[in-house]
Amino acid sequence: MKYNFNEIEAKWQKYWAENQTFKAVNNSEKPKYYVLDMFPYPSGAGLHVGHPLGYIASDIYARYKRHKGFNVLHPQGYDSFGLPAEQYAIQTGQHPAITTAENIKTYRRQLDQIGFSFDWSREVRTSDSSYYKWTQWIFIQLFESWYNNTTNKAEDISNLIAIFETEGNTNVNAVCDDDVETFSADEWHGFSSKEQQKILLQYRLTYLAETEVNWCPALGTVLANDEIVNGVSERGGHPVIRKKMTQWSMRISAYAERLLQGLDTIDWTDSLKESQRNWIGKSVGASVSFPILSFPIGEEKAGTKTPGYMTGGNNSHLLIERAKDMRANPTQAEAALWEQLRNKNLDAKFRQQHLIGDYIVDFVCLDKKLIIEVDGKIHESQIEEDAKRTEVLENDYFKVIRFTNEEVLSNLESVLKTIREELSQRESIKSEQVPPSGSREIEVFTTRPDTIFGVSFMTLAPEHELVSQITTPEQKETVDAYILATAKRSERDRMADVKTISGAFTGAYAEHPFTKEPIPIWIGDYVLAGYGTGAVMSVPCGDQRDYDFAKHFNIPIPNIFEGADISEEAFADKEKTIIANSDFINGMNYKKATKRVIFELEQLGQGQGKTNYRLRDAVFSRQRYWGEPFPVYYVNGMPQMIAKEHLPIKLPEVEKYLPTETGEPPLGNAKKWYWLQYGDKADIVSKEEFENSSPSGRLGGALELNTMPGWAGSSFYFNRYMDPTNDSEMASKEALDYWQDVDLYIGGSEHATGHLLYSRFWQKFLFDKGVVPVDEYAKKLINQGMILGTSAFVYEVSAYYTIENEKFHVKLKNPIFVSENIYLKSTESRKKDVFTPEAFKFSEVDYKILELIIKYGGNKFKEEPEFHLNPIHSDVSFVNASNELDINAFRNWREEYKDAIFIGEIGKVIPFGEDLGGDNVYKVGREVEKMSKSKYNVVNPDNICEQYGADSLRLYEMFLGPLEQYKPWNTAGITGVHSFLKKLWKLYHQGENGTFYVTSSPPSEGLGEDKELGEALKTLHKTIKKVEEDIENFSFNTSVSTFMIAVNELTSQKCTSREVLEPLLVLISPYAPHIAEELWSKLGHNESISTACFPKFDGSHLVESSKNYPISFNGKMRFTLELPLDMSKDDIEKTVLEHEKTKEQLQGRQPKKVIVVPGKIVNIVG
RNA sequence: GCUGAAGUGGUGGAAUUGGUAGACACGUUGGACUUAAAAUCCAAUGGACAUUAGUCCGUGCGGGUUCAAGUCCCGCCUUCAGUACCA
């Protein structure tokens, strides 16, 4: 009987579906086991052979666990919100829900035909409103929570309000915005509702904040970093600008430490944990403030709470003396005016000869930002400079009014009147600071506070906000040029180019907290604005980048390490550090010195110990249509949550999926998108309806126009699978308590820092809120590798003329393609040294090509053109296993190739209609690349299933190599596993004419058969042992080999015994379930094989009496010798030495030493 | 630059604690069956010399440890992936 895989597979797939064979129950006597795949995004292209790799592995494991007696949960669903469907909708007008449903149908069909044991009754789709109801619910929970650092968990926002009401926020230790102002309970009660809501937003775990984004006005959307190439959008090449936008953010930073610590408790791959650790980016050290020195004497140590009147720039220390001088010697006019302005005579505080930036102005009222200049004769020649000065000052929002000496002296009353008028018109800025008197210190974060005495300069990121304020006029040009140059370099450029050292001196100095020495302040692009404070204290002796920078700019490199040689490079080792030349920390090691320095900094009020995380809060708003709507409406600009009972807030219909004309997200196109609620009754209505409704008892307002990002729905789906149809809870407590967590999670490593970090964050949050019972949701995680495509290349002849260094391509009448061999020969000939005479001639092959160009290229070649060979992708389906191209298929592929000429391997034109014959075939070149539509190297599993069956596909994908490894797909190899299945089938059909034949052999039936059965049992148990070990180690490729060996052995043993063949089927069934089910039922079983017990390994069948010892000489194996296993060491040595082959090897030499490892090896030295 | 993974026949890959390198497949070659093809079966297949025996070389490169190294140690090279020049 033939192995009719198509029929068998269809039969059992139907059986499984009808009998719900793989339905998991939420309570069972059996232990639970949860196997999860990262659910797919259903793209329009359907599955290619790379997709099922992880699913097959997890399916094998799930089926194995069922055999082992577990209640297995193995669900599948779809991450069905996302950009591609939206793009398609924009292009075609087709609703994304429709395309998504179609794509899912294709996926489901493809998944079904591979025979996965998914429990489809638990399917979820993130775009279903019954699913995203819970996405919205979790969002509300986050909004209603804050992170209490004291209890180290998320708590209800009502707790926080209670604290505010009783004691204000001074004692609250929460993760919140940086700029939260302190208030008392009384003040809290005094705030308006809006003010209170604003304050609470600074604490909530999801909050509205201004975020800087890459905005593309043309596309009306925000772009990710990798969607921008060279400053323009990847799609369409439109300009991109940095823009501030109010968006929802997730306070994931609150969980930084726990996300880091949690990694130690889960069995994920090291590389994945490492990426997450890097992403979280914890560094422990100190924050240190360095006062900026270049300020007026007496004001330089002013610290952060700088009095508002210090408005001088960096050069104040130079200018202040002159200002004092001018104050002492006023002109007649100045003196007269000052007499009227001083002592708040005009109800405004005026200062005379005051520093504003780098200018000394005659009089200024800082509160009203009004400057009064009295111009003497000397200024007439300087009108231009004055204009510039006025411009600069007015740019800082000062108003400058000018009077001449005469005006002041002759008509003081009118001058004062003008001043009074100006004053009355200008607003008081009292509490605000007057630039540039903002920060007078540079705050840095360092992981090496112990090296603080080695600081010889400071480096700011070119983007640092202080740069413009502290740069001296002399350095301004250099610094500006440098900033401009940096801004032009892309982040990738800056990263790739580590060797170029660049920077500029600002001209300003900072003061060392301990030595009080001035430290030059530089800017350099090796310091990034986004990390820490965007400034570093540079310790060239201890940090290689600082070292290189110092060397390059001739900055001193003081050595503060005992016995360290820093003549060539920095000494970065922490452990061996002994500090020297460092005042009070001399002789200390890294740890002690760090502690002491932090202590001393705290004494000075110039620093403290600090832990820094790189992890930033995650932006949660997307200006898209095809995503979860927020359950949020706005009242007076403040967000309000919609109550749980009104969820889900369904995605509204829109006419078009593009941003509105006013630049609002696509939801702005919805006709009805206002929330209107009276008591329990609520509705989504149009703007007009809302505005015409009665305000009494009304709740509601404009609904949020953004939607949630792709990772929202995927951050908790593993919990939803436990109880997927529950309408009153995300999942019932019973279900969550029963299933707990995922035991095995398989997916691609591309999700390492996106999905896998965010979902851990949500899980921890839900754990804090008591929703889920565990705070890590996946115990073990495996990354499957990618299956790569083997692209095929044809080599097109491309002819051109070169005129004045410009290439002019010639379109050939018949396109010409050369075979791989010709291509290789031609490229080889061109590699030759250009200075040899041969290089000026074409090689033989090239001559031939040239001839053909002239023959087939058209008829008007006045002179010989040049040419090159251009590899282009051919569809892999036109190529057979021997890399031979189906020329006719290729010609029919595209109109322009219809008349193509092909030159075969031996360099002759292949005549039309005659291909794949003889030596002169056309061969393609091969290269391994990612599988992608554009490379025409995609292999579809449908064809494979049709041709070889799902069991063959499953086995072959596993057989290709280790699960985690990247490996190329080569369909040719599938014949190997397919013929294995045929052999397996045959093994059970050894009856006459290939009929099913299995014997139920009773224990003793003559010596001969017993012996044969013994051999078969040995094969079986060897296989059981190996396969069980392999599955447990996720080494699926080796178990496929083991099956092949077993079937080969049993075939040659002609084994027909049920005692062997029945357990063998259970072993194979996780890998090739269809054939296993079929043979199982032929063995007389009425139940599916899926719940059969995994066979038990019995070592007694493997006991051997002898061993074929390898006998080696000096470590090299020369021959083998069969010896009894119970032979003693000495006897073995004796027997081996007496053997004639040994004598032959030694040729009379006396062995120096004989190593005998019983049961393993014999090695003779000599 | 840093971090992680990996370099083994023509190809995918095996070798679990150091103990017979290349299992199992693909491909290739030869043969059987067949009118022929497909399918199936048998044999050979790391390289070189010898074609009987056998000898030498061989797991990215250079050293080392060991009776014995693909496996352990030191140094280097290459490829792939991730990344953030992270103070």
Side-chain angles (χ1 to χ4, degrees), chain A residues 2 269-275 277-279 281-283 285 444-448 451 458-459 461 491 494-499 501 524-528 530-539 542-546 548-549 612-614 749-750 752-753 783 785-786 788 790 881-882 926 928 955-956 959-962 964-980 982-983 986 1026 1029-1030 1033 1035 1037-1045 1048 1108-1120 1144 1151-1157 1159-1166:
Chain A
K2 217 184 138 211
T269 58
D270 286 337
S271 67
L272 203 148
K273 287 189 189 182
E274 195 59 31
S275 334
R277 283 195 192 102
N278 286 340
W279 201 258
K282 179 182 184 175
S283 38
V444 301
F445 174 77
T446 177
T447 52
R448 295 291 303 273
T451 62
M458 312 210 39
T459 316
E491 197 131 299
R494 272 168 80 168
M495 229 150 65
D497 183 14
V498 274
K499 278 172 192 127
I501 295 153
D525 66 3
Y526 77 98
V527 179
L528 301 181
Y531 183 76
T533 58
V536 298
M537 57 173 229
S538 302
V539 184
D543 181 287
Q544 194 56 42
R545 280 162 302 140
D546 294 344
D548 296 339
F549 195 89
N612 215 33
Y613 297 94
R614 189 191 84 104
S749 56
E750 65 271 25
T753 46
N783 287 130
M786 204 184 285
L788 305 168
T790 319
S882 311
R926 291 288 203 171
V928 171
L955 280 174
Y956 186 55
F959 185 67
L960 273 179
E964 314 80 36
Q965 222 166 77
Y966 280 58
K967 55 231 156 190
W969 177 268
N970 181 2
T971 306
I974 201 168
T975 54
V977 292
H978 187 64
S979 58
F980 156 74
K982 285 197 272 194
K983 276 186 218 166
K986 254 186 171 166
K1026 174 89 174 122
E1029 278 169 10
D1030 283 348
N1033 292 320
S1035 173
N1037 56 326
T1038 50
S1039 38
V1040 178
S1041 305
T1042 308
F1043 292 137
M1044 291 175 171
I1045 294 167
N1048 287 346
N1108 197 19
Y1109 277 92
I1111 313 299
S1112 48
F1113 293 82
N1114 298 320
K1116 281 175 188 141
M1117 208 279 289
R1118 288 301 173 219
F1119 61 93
T1120 57
E1144 197 180 302
K1152 284 190 197 125
K1153 200 173 173 186
V1154 179
I1155 312 276
V1156 176
V1157 184
K1160 279 242 162 103
I1161 200 170
V1162 177
N1163 189 19
I1164 297 162
V1165 188

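Lettering follows sequence order; numbering is per chain, from 1.
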Fill in: Nearest-Å distance for atom pair CG/C1', residues Asn612(A) and A87(B)
10 Å
Item to complete: Just compare C86(B), G27(B), G12(B) and give me whichever is closest to any side-chain atom of Pro968(A).
Response: G12(B)
Worksheet item: C1' atom, U45(B) versus U51(B): distance in rounded Å?
Response: 15 Å
Response to the item:
Taking a pair to mean Watson-Crick or G-U wobble geometry with both distances below 3.5 Å, G54(B) pairs with C49(B)
Response to the item:
If pairing means Watson-Crick or G-U wobble with both distances under 3.5 Å, then the partner of U59(B) is none
Item to complete: Give the nucleotide from the list A14(B), A87(B), C24(B) with an atom nearest to the side chain of Met1044(A).
Response: C24(B)
Worksheet item: Any side-chain heavy-atom pair from Met1044(A) and Val977(A) closer than 4.5 angstrom?
Response: yes
Worksheet, complete the sentence: U17(B) -> Watson-Crick or G-U wobble partner, both distances under 3.5 Å, gives none
Worksheet entry | First of Gly976(A) and Thr1038(A) reached from the 5' end of RNA chain B, by closest nucleotide | Thr1038(A)
Practice prompt. Can you figure out which of C41(B), A87(B), G13(B) approaches the side chain of Gln965(A) most closely?
Written response: G13(B)
Worksheet, complete the sentence: Partner of C86(B) under the Watson-Crick or G-U wobble criteria, both distances under 3.5 Å, comes out as none
Worksheet item: Hey, does the side-chain of Lys1026(A) have a donor or acceptor N/O within less than 3.5 Å of a partner on the base of U16(B)?
Response: yes
Response to the item:
Testing G19(B), G13(B), A21(B) for proximity to the side chain of Lys967(A), the answer is G13(B)
Discussion item. Under 3.5 Å for both donor-acceptor distances, Watson-Crick or wobble: does C72(B) have a partner, and if so which one?
Written reply: G64(B)
Fill in: Lys982(A) vs Gly961(A), nearer the 5' end of RNA chain B by closest nucleotide
Gly961(A)
Worksheet item: Quantified in whole Å, what is the P atom distance between nucleotide C42(B) and nucleotide C33(B)?
Response: 15 Å
Worksheet item: Which is true for Thr1042(A) with a 4.0 Å heavy-atom rule: it touches a base, it touches only sugar-phosphate, or it touches nothing?
Response: nothing
Worksheet item: What is the distance from CD1 of Ile1161(A) to P of A15(B), rounded to the nearest Å?
Response: 19 Å
Worksheet item: Does the side chain of Tyr526(A) reach to within under 4.5 Å of the side chain of Ile501(A), using non-hydrogen atoms?
Response: no
Practice prompt. Would you mind calling G82(B) syn or anti? Take O4'-C1'-N9-C4 for purines or O4'-C1'-N1-C2 for pyrimidines, and syn is within 90° of 0.
Written response: anti
Worksheet entry | Flag side-chain contact, heavy atom, 4.5 Å: Met458(A) against Val444(A) | yes
Worksheet item: Taking the side chain of Asn1037(A) as heavy atoms from C-beta outward, which of C86(B), A14(B), U20(B) is closest to it?
Response: A14(B)
Response to the item:
Checking C24(B), A14(B), A21(B) against the side chain of Met1117(A) (C-beta onward), the nearest is A21(B)
Discussion item. Looking at G12(B), which nucleotide sits across from it as a Watson-Crick or G-U wobble partner, both distances under 3.5 angstrom, or is there none?
Written reply: C24(B)
Worksheet item: With both distances under 3.5 angstrom, what nucleotide forms a Watson-Crick or G-U wobble pair with G30(B)?
Response: C42(B)
Worksheet entry | Minimum-distance nucleotide (side-chain atoms of Val1165(A) versus A87(B), G12(B), C67(B)) | C67(B)
Discussion item. For the P atoms, the ones on G1(B) and on C56(B), what distance do you get once it is rounded to whole angstrom?
Written reply: 43 Å
Worksheet item: Side chain of Pro962(A): nearest nucleotide among U20(B), C56(B), A14(B)?
Response: A14(B)
Discussion item. Can you tell me how the ring of Trp969(A) sits relative to the ring of Tyr956(A), calling it parallel under 30°, perpendicular over 60° and tilted otherwise?
Written reply: perpendicular
Worksheet item: Within the structure shown, what part of the strands sits under 4.0 Å from Asn1163(A) by heavy-atom distance: base, sugar-phosphate, or nothing?
Response: base
Worksheet item: Just by modelled atom types, is the Pro962(A) backbone N or O under 3.5 Å from a matching donor or acceptor in the Lys967(A) side chain?
Response: yes
